[in-house]
Amino acid sequence: MKTQKWVLKVELEISENWIEDGFNPSAETFEDLIRDGILGYAYDHEKKVKVEIKKSPNPKTVRELQGYAN
């Protein structure tokens, strides 16, 4: 089956209260959201999703916001 490609750059800015509540997405999280949300009705052989995160918050800051001691 032939495929066509979209190249995406995703930028997400989110309030710290979401991070405090546990929000800490990975590339796999975004892949799942795209695959199962937007493309939820497509068969597995009809879709392939790969997301690369180029920059994210400092992991130490995320842990602190989530209440973990460093």
Side-chain angles (χ1 to χ4, degrees):
M1 179 180 301
K2 266 181 91 170
T3 62
Q4 300 297 319
K5 184 187 293 188
W6 280 256
V7 177
L8 307 174
K9 176 184 176 186
V10 177
E11 184 173 322
L12 176 65
E13 188 171 331
I14 190 104
S15 173
E16 287 185 349
N17 65 307
W18 278 65
I19 299 168
E20 291 165 355
D21 289 340
F23 186 82
N24 189 17
S26 63
E28 291 79 20
T29 301
F30 285 110
E31 289 172 1
D32 291 344
L33 289 171
I34 293 168
R35 184 182 313 103
D36 300 334
I38 297 170
L39 301 172
Y41 293 105
Y43 293 108
D44 287 341
H45 69 277
E46 295 177 320
K47 59 190 173 183
K48 182 172 152 184
V49 179
K50 179 181 176 187
V51 175
E52 183 177 345
I53 296 178
K54 297 285 190 181
K55 184 179 177 184
S56 61
N58 184 312
K60 180 180 177 186
T61 302
V62 171
R63 286 190 305 275
E64 289 172 355
L65 287 167
Q66 292 177 343
Y68 297 105
N70 290 311

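Pairs passing the salt bridge (charged side-chain N to carboxylate O under 4.0 Å, His left out) check and including a residue from residues 39-48, sequence neighbours excluded, do not occur.
More than 12 heavy-atom neighbours from other residues, nucleotides or ligands sit within 6.0 angstrom of CD on Gln66.
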Sequence neighbours left out, cut at 3.5 Å: what donor-acceptor pairs do the side chains of residues 18-31 make with other protein atoms?
from, atom 1, to, atom 2, distance (Å)
Ser26, OG, Glu28, N, 3.3
Ser26, OG, Glu28, OE1, 3.2
Ser26, OG, Thr29, N, 3.2
Ser26, OG, Thr29, OG1, 3.1
Thr29, OG1, Ser26, N, 3.3
Glu31, OE2, Val51, N, 2.8

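Not counting sequence neighbours, the partners of Tyr43 by the ring pair (Phe, Tyr, Trp, His ring centres under 6.0 Å) test are His45. Listed by chain and number, the residues in a salt bridge (charged side-chain N to carboxylate O under 4.0 Å, His left out) with Glu52 are Lys54 (sequence neighbours excluded). With sequence neighbours excluded, no residue satisfies side chain to side chain donor-acceptor pair (under 3.5 Å) with Asn58.
Note on Ile38: it does not cluster hydrophobically with Tyr41, by side-chain heavy-atom contacts below 4.5 Å among ILVMFWY residues.
Atom CG of Leu33 and atom CZ of Arg35 lie 10.0 Å apart (nearest 0.5 Å).
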